[in-house]
Every structure is written in C-alpha cells, then in structure tokens.
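Below: one structure, written as structure tokens.
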Protein chains: 4
Amino acid sequence: MPRPDVSDERKREILKAALNIFNSKGFTAARMEDIAREAKLSVGAVYWYYKSKDDVILAIMDKVIADDMAVMKQLLNETGTVRQRLIKYLQEGAQEGIVYLPLTYELYTLAQRNAKVRHHIQKHIAHYHDALAEIIQQGIQRGEIRKVNSQVVATTLSALYEGALELAMLDSKNIDVTKTLTQSVNIIFDGIAT
Amino acid sequence: MPRPDVSDERKREILKAALNIFNSKGFTAARMEDIAREAKLSVGAVYWYYKSKDDVILAIMDKVIADDMAVMKQLLNETGTVRQRLIKYLQEGAQEGIVYLPLTYELYTLAQRNAKVRHHIQKHIAHYHDALAEIIQQGIQRGEIRKVNSQVVATTLSALYEGALELAMLDSKNIDVTKTLTQSVNIIFDGIAT
Amino acid sequence: MPRPDVSDERKREILKAALNIFNSKGFTAARMEDIAREAKLSVGAVYWYYKSKDDVILAIMDKVIADDMAVMKQLLNETGTVRQRLIKYLQEGAQEGIVYLPLTYELYTLAQRNAKVRHHIQKHIAHYHDALAEIIQQGIQRGEIRKVNSQVVATTLSALYEGALELAMLDSKNIDVTKTLTQSVNIIFDGIAT
Amino acid sequence: MPRPDVSDERKREILKAALNIFNSKGFTAARMEDIAREAKLSVGAVYWYYKSKDDVILAIMDKVIADDMAVMKQLLNETGTVRQRLIKYLQEGAQEGIVYLPLTYELYTLAQRNAKVRHHIQKHIAHYHDALAEIIQQGIQRGEIRKVNSQVVATTLSALYEGALELAMLDSKNIDVTKTLTQSVNIIFDGIAT
DNA sequence: CATGAATGAGTTTTCATTCAT
DNA sequence: AATGAATGAAAACTCATTCAT
C-alpha cells in the first residue's frame with residue numbers, strides 16, 4: 001500500500017519557508033539552513049526537493065507571480081464604474097503586493113542579471129498591462145472615458161502603481177500607498193474622462 | 001613642503017571604479033579585487049581609503065544621490081511652460097537615471113535592511129518631491145494649473161517617474177521611458193490644467 | 001512452506017549492477033543510488049543485502065577474482081604446443097580482462113591502502129603464477145623449452161601480460177593487446193626454446 | 001623595491017606537499033586541508049596558487065612525468081653493451097618509479113575518465129617507447145641484436161617494466177622488481193640476440 | 001602609501017547511511 | 001523485504017580583511 005505522495009506538500013512547505021526567509025533577509029543573506037529550519041526539515045531534505053538555492057529562487061518567483069495573477073483575475077470581475085473598479089483594483093493589489101515587496105525587489109534586482117527571471121517578469125507585466133487595458137477599453141465603450149489609447153493609459157497606470165509601491169517601500173512613514181494611488185488615479189481620470 | 005594630497009583624487013577614482021563594477025555585477029557578486037583592478041590599484045590600497053566593502057557601498061550611495069541632486073538643480077532653472085519644463089525635467093532625469101538603474105535597485109533593495117541607506121534615500125526623495133512641488137506651485141501661480149495640492153501631484157509625478165524607469169528596466173524592448181513619461185505627464189496635465 | 005530464498009539471486013543482481021557502475025564511473029564517483037537504479041531496486045534494498053558501500057566493493061573484488069580464476073582454469077585444459085597454448089591463454093585472458101580493466105585498476109589502487117583487498121589480490125596472483133609455471137613445466141618436460149626456472153618465466157609472462165593490458169588501457173589507439181602479447185610471447189619463447 | 005617573486009617557490013612547495021599527501025592517501029581521500037597543512041599554508045593560500053583540487057592534480061601529473069623524463073634522458077647517455085645499459089636503465093627507472101607508484105596508479109585510474117590526463121600519459125608513453133626503440137636500434141647496428149622490429153621490442157620491454165612494477169606494488173614481499181626485471185630482460189635478450 | 005600574499009570563517013552542496021512505514 | 005524520504009557530517013571553494021614588507 002503506497003504511502004500518499006508527500007512530495008507536493010513538502011515542496012509547498014519549503015517554498016513557504018523560503019518566501020518568508022527571502023523576504024526578510026534577502027536572497028544573498030538567506031542561508032539554505034535558514035530555509036530548512038523554517039520548514040522544519042534538514043538541509044539535505046531541502047536539497048531532496050530542490051537541487052540548488054537558485055532552483056528555490058526560481059520556484060519562488062513562479063509562485064509569487066502565479067499568486068499575483070490569481071489576485072488580478074479575481075479583481076477583474078467586480079462591478080461599478082471603471083474609475084471605482086480601477087481604484088479598488090490597484091488599491092487591493094497594492095495591499096497584497098506590499099507584503100512581499102522586499103522579495104519583489106530582490107527579484108527585480110536579480111532580473112537584471114538573469115535572463116530567465118527577466119523574461120518571466122516581462123510576461124507577467126504584459127499580462128498585467130493587458131488586464132488594465134481591457135478595463136480602460138470597457139470605460140471607453142461605456143462612455144466613461146474619452147477615446148484614448150488604452151495601452152498608453154494602462155502603462156501609465158502600471159507605472160504609477162509600481163512607483164507608488166516603491167515610494168511606499170522606501171518611505172512608508174511619509175507615503176501612504178492607498179492614498180497616493182487614489183489621488184493619482186483620480187488625477188489621471190480627470191485627464192481622460194469624457 | 002607638503003606634497004599635494006592625492007587622497008581625494010584616489011577616493012574618487014575608487015568610487016568611480018566601484019560604481020561601474022557594482023552597476024554591472026551587483027553588490028554581492030562584486031569582489032573587492034574587481035574594484036581594485038578597475039581602479040588600477042591593489043586590494044590593500046582600496047582598504048587604505050575605505051575600511052570595508054560596506055563603506056564603499058555607502059560612499060557610492062552618497063555619490064549617486066549627490067550626482068542626482070546636481071542634475072535636478074540644474075534642470076529647475078529652465079524656461080518655458082511648466083508642462084514643458086516638467087516633461088523635459090523628467091525625461092532628462094530618466095536618461096541620466098537609467099544608466100545606473102541597476103545600481104539604484106541594488107540600493108533600494110539594500111535600503112530595506114539597512115536603516116542608514118534607507119534614511120539617506122528618504123531624504124533624497126523628500127528633496128525631489130519638494131523640487132517637483134515647487135514647479136507645480138509655479139504652474140498654479142502662473143495660471144497654467146488649477147488649484148491642486150502640489151504635494152499630491154508631486155508624489156504622483158514622482159511615482160510615475162520611478163515606475164516608468166522600473167518598467168523600462170524590466171522590459172526595455174517594449175517600454176520606452178521617454179515616450180511613456182511624455183504621454184503620462186500629458187494625461188496628468190490634462191487632469192490638472194485650468 | 002518456505003518460499004524460495006531470493007537472497008542469493010538479489011545479491012548477484014546487485015553485484016552485477018555494481019560491477020557495471022563501478023567500471024564506468026569508478027568507486028568514488030559511483031553512488032549507491034546509481035547501483036540501486038541499475039539493479040532496479042531501492043537504496044534501502046541494497047543496504048538490506050550489503051551493509052555498506054565498502055561491503056559491495058569487497059564483494060565485487062571477490063567476484064572479479066573468482067570469475068578470472070574460472071577463465072584461467074578452463075584455459076589450462078587446452079591442447080597444442082605450450083607456446084600455442086600460452087599465447088591463446090594470454091590472449092583470451094586479455095580479451096576477458098580488458099572489459100573490466102578500469103575496475104581492476106580501481107582495485108589495484110585500493111589495494112595499496114586496504115590490506116584485505118591487497119591480500120586477496122596477492123593470493124590471486126600466486127594462483128595465476130602457479131598456473132603459468134605449471135604450463136612452462138610441461139613445456140620443459142615435453143622438450144619444447146630448455147631447462148629454465150619456471151617461476152621466473154611465469155613472473156615474466158605475468159608481468160608482460162599485466163603491462164600489455166595497462167599500456168592498452170592507457171593508449172588503446174596505438175597499442176593492440178593481442179598483437180603485443182603474441183609478439184612478446186614469441187620473443188620470450190625464442191629466448192627459452194630448446 | 002619589489003620583493004622577490006615567491007610564486008614559483010610556493011607553487012613548488014605546494015606541489016611537493018601534494019605529492020606526499022596524494023601518494024599516501026590517494027586523490028580522493030586527500031583533503032585540500034591536508035595539503036595546506038603539509039605545505040605549512042592555509043587552505044586559502046593553496047587556492048591562491050591553484051584554483052581547484054583538479055588543478056593541483058594536473059600539476060602533479062606534469063611534475064611526475066617531467067621528473068620521469070629527466071631520469072630517462074640521463075640514463076640514455078650511459079656506456080656499455082645495450083643489454084647492460086637496458087638492464088641498468090629499467091632497474092634504475094624502477095627504483096625511482098616505485099616510490100611514487102601509488103600516485104602513478106591514481107593517475108592511471110584517473111586517466112580512464114579524464115581525457116587531459118590520458119593524453120598527457122599517452123604522450124609520455126610514446127616518448128618512453130621511442131627512447132627504448134632507439135637503444136634497441138643501436139644494439140642492432142652494433143651487431144648485438146639481430147634484425148628485429150625495434151618498436152615491437154620496445155613495447156615488450158615497456159610492458160614488462162610496467163607489469164613488473166605493478167606486480168611489485170601488489171606483492172612486494174614475493175616479487176622483487178629488480179630481480180624480476182633483470183631476469184626477464186635477459187630472457188628477452190636471449191630471444192633477440194644475434 | 002602601496003602591494004599582494006596569506007588567512008580562515010562561512011556557504012553551498014553531496015551522499016553514505018538510517019529508519020518509519 | 002522493500003521503499004524512499006530524511007539526516008547530517010563532511011568537503012571544496014570563496015572572499016572580505018589583514019599585515020609584513
């Protein structure tokens with residue numbers, strides 16, 4: 001009688017542990033032993049499931065992005081005006097995103113020297129822009145927004161979002177992401193409203 | 001008869017070398033020997049001027065920020081409408097900034113775990129926002145911009161700027177900073193114009 | 001009703017697997033897992049039959065030598081002149097021996113630091129020399145060979161055999177064992193013929 | 001005033017240390033720390049001169065072979081009959097060779113899985129055979145040896161030499177290299193004498 | 001001031017062996 | 001008997017830092 005396959009379970013546990021460790025210490029300072037301890041396993045066990053530290057990092061990236069996508073998709077099926085929905089979308093995205101922002105910045109930094117990481121992130125950004133552009137397009141069709149290039153506005157909103165998170169990460173005392181995003185998006189909507 | 005002090009000269013050379021090495025390899029991967037070689041010095045000589053790798057990193061941060069400030073100040077004394085000046089300001093800032101963006105991201109990542117770095121960057125951001133707010137204020141006084149909270153707009157512009165650079169860094173093929181910034185700033189100006 | 005003992009069968013399978021793995025990878029590089037996979041067993045199962053890697057190596061040694069002995073004995077019961085029989089004997093021995101020569105050299109190397117291995121091999125060499133000496137003795141009795149010290153000639157032939165295999169192992173392109181052995185044995189027989 | 005370059009000196013010291021350690025423990029069991037201690041250096045210092053353990057091994061191989069060549073060349077300029085010279089040549093070579101025979105066998109074993117090592121050894125063997133063939137040729141010209149293929153005889157002598165060393169290594173109690181070689185070479189000379 | 005050889009603590013990774021199931 | 005996940009003790013290698021010259 002075969003025992004249930006613990007492989008997936010363990011991998012998830014290790015990834016969760018790695019997520020915490022990487023987020024609080026950074027990729028470089030994080031020791032494989034830290035991850036093992038956090039996952040309540042031995043170092044060897046971690047290596048049983050992931051063949052190197054880089055492997056864990058890549059898996060983390062996949063997970064972070066996949067989770068992000070899930071949040072995104074869910075937020076797209078909301079009701080209300082486009083302005084309201086976008087503000088809610090960006091705000092909630094930011095609230096989720098800020099928790100693992102240190103890790104995100106580790107990934108961005110890594111992306112500059114690792115093509116695989118970079119391409120993964122690029123694909124993610126493209127998805128994200130498309131989702132934003134789609135909402136904008138809806139706004140145009142409903143007459144809430146005047147005829148603008150939805151891709152351009154999507155990029156603007158995306159840059160705003162990323163920038164707001166960055167500023168908040170660097171100076172959380174003086175910069176409130178939610179407030180900043182709300183105000184900024186309103187300014188932009190004033191500029192593109194019919 | 002005292003010989004001329006070569007100390008400052010050497011320090012500057014080391015910093016310039018470190019800037020290049022850090023920018024292309026990242027803080028962690030960069031070795032003190034790399035910096036020494038780039039500066040055409042011995043490892044020991046580098047340690048004569050800076051007492052640790054961290055010391056060099058902190059000095060680099062000071063330099064990067066100081067240089068950035070200098071560019072900023074210069075751009076503030078331009079002529080033209082506020083919209084024109086701002087676009088020019090952000091565009092040229094971006095052009096300068098993108099060269100050492102990898103290094104900037106190394107610093108941002110570091111900032112999350114190092115209070116000294118973080119505070120330095122926060123001060124810089126404050127300066128930057130003030131400069132932007134000042135221009136906005138001028139625009140309001142000149143009647144180009146309607147009465148808005150200049151700090152809010154400054155934060156929006158700053159977030160936009162940072163976000164645009166980030167997107168460009170991550171996906172330079174598909175995202176053109178200059179174009180993105182121009183279009184975005186125009187949308188915002190449409191939103192805040194009188 | 002006792003089930004048939006699969007123990008010996010399994011042990012033989014493991015040894016056969018180990019023989020191949022050790023021969024192609026060497027003792028050090030070979031992992032227990034490699035052996036297990038080759039034997040279509042789990043690592044734990046291998047440890048059920050052999051209590052350590054060294055145990056497997058020692059068993060391999062026994063097997064290699066036993067197999068070699070079997071070949072030897074068989075070849076001694078041939079017909080023809082002593083010269084012919086010897087050439088055939090050495091040639092066929094070489095043909096068998098060269099397949100597992102890498103493994104043999106692993107064992108020789110090991111023998112220098114492991115008394116048990118060394119003694120085993122020494123006993124084998126003694127057997128081998130005795131067999132050769134016996135053939136030489138026959139040659140003397142039959143008048144094919146002049147009165148020589150059969151042990152000395154046996155050692156010479158043995159050295160020649162081992163050396164020829166070694167040279168062939170190191171440079172199979174330029175050195176043909178069979179040819180080398182034939183020519184060498186002929187030279188020696190010219191030297192000891194009546 | 002530049003200090004004298006200690007680089008060559010250190011490299012030689014490390015190699016000497018490595019030679020001893022490798023010879024007594026074998027490549028695998030030898031730790032870099034063992035070599036460092038033997039050379040009275042730190043591990044880091046060893047890595048300052050050789051960038052990996054394999055590097056040290058390859059350097060050792062070069063040294064062993066170079067030293068061997070030196071012995072060879074020296075022995076070729078001797079006087080006496082070819083038979084006498086050859087016996088002296090092989091005997092003295094064996095006396096030198098037997099000291100580092102364990103190491104030699106490590107190299108032979110390694111050669112089977114490392115092309116670089118293999119090719120190096122092959123070149124060495126070729127040199128060695130050529131030297132032997134040259135002596136044989138002289139013997140033919142001087143009328144001491146009848147017209148034989150000198151390369152074949154050289155290979156025979158070489159195999160004999162290698163085999164005698166091997167047997168001696170495996171069973172030094174019962175096999176005396178010097179005696180074995182003398183007797184064997186005499187048998188062969190009886191076979192090829194005019 | 002400057003050199004660059006030397007140090008050694010710290011990290012990733014491997015793998016023989018064990019053991020709960 | 002058999003499995004294969006888990007352990008943990010090595011071991012190779014790196015590199016910031018020091019220091020004799």
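Numbered from 1 within each chain, the chains take letters A, B, ... in sequence-line order. No experiment lies behind these values; they were computed from the predicted model shown.
Following rounding to the nearest Å, A/E33 (CD) and E/dT13 (P) show an atom-to-atom distance of 14 Å. Taking atom CG of A/D55 as the reference point, atom C1' of E/dT14 lies 15 Å away to the nearest angstrom. In this entry the distance linking OH of D/Y50 with P of F/dA12 reads 17 Å, nearest Å. A straight line from CG of A/D34 to P of E/dG10 spans 14 Å, rounded to a whole angstrom. As rounded to whole Å, 16 Å separates atom P of E/dA6 from atom CD1 of D/I35. Atom pair C/M32:CE and E/dT14:P shows a separation of 19 Å (rounding to whole Å applied). The distance from atom CD of A/E13 to atom C1' of F/dA5 is 13 Å, rounded to the nearest whole Å. Summarising the geometry, the separation between NZ on C/K40 and C1' on F/dA2 is reported as 17 Å, rounded to the nearest angstrom.
Mapped onto DNA chain F by nearest heavy atom, A/L41 and D/D54 fall at different nucleotides, with A/L41 at the one closer to the 5' end. Each of D/A45 and A/S52 was matched to the nucleotide of DNA chain E holding its nearest heavy atom; the match closer to the 5' end belongs to D/A45. In terms of position on DNA chain F, the residue among B/A29 and A/G44 whose nearest nucleotide sits closer to the 5' end is A/G44. Residues A/T28 and C/V43 each lie close to DNA chain E; by heavy-atom proximity, the contact nearer the 5' end of the strand is made by A/T28.
Which of E/dT12, F/dC13, F/dT17 sits closest to the side chain of D/Y47 comes down to F/dC13. Of the candidates F/dA12, E/dA2, E/dA6, E/dA2 carries the atom nearest the B/S42 side chain, counting heavy atoms from C-beta on.
Taking the charged nitrogens against the carboxylate oxygens, B/K63 and B/D67 do have a contact shorter than 4.0 Å, which makes a salt bridge. Between C/E33 and C/R31, at least one side-chain N (NZ, or NE/NH1/NH2) sits under 4.0 Å from a carboxylate O, which counts as a salt bridge. No salt bridge links B/K16 with B/E13; every basic N to acidic carboxylate O contact stays at or beyond 4.0 Å. By the 4.0 Å N-to-carboxylate-O rule, D/E106 lies close enough to C/R113 to be salt-bridged with it.
Between C/W48 and F/dA1 there is no side-chain N or O to OP1 or OP2 distance below 4.0 Å. The phosphate of E/dA6 (OP1 or OP2) has a side-chain N or O of D/Y49 nearer than 4.0 angstrom. Between F/dA5 and A/R10, no contact under 4.0 Å exists linking OP1 or OP2 to a side-chain N or O.
When both distances must be under 3.5 Å, the Watson-Crick or G-U wobble mate of F/dC13 is E/dG10. Nucleotide E/dT21 has F/dA2 as its partner under the Watson-Crick or G-U criteria, with both atom distances under 3.5 Å.
Within 4.0 Å of D/A30, counting heavy atoms only, lie sugar-phosphate atoms of the nucleic acid but no base atom.
A side-chain contact (heavy atoms from CB on, under 4.5 Å) with A/D34 holds for exactly one of A/E38, A/M32, A/R37; it is A/R37.
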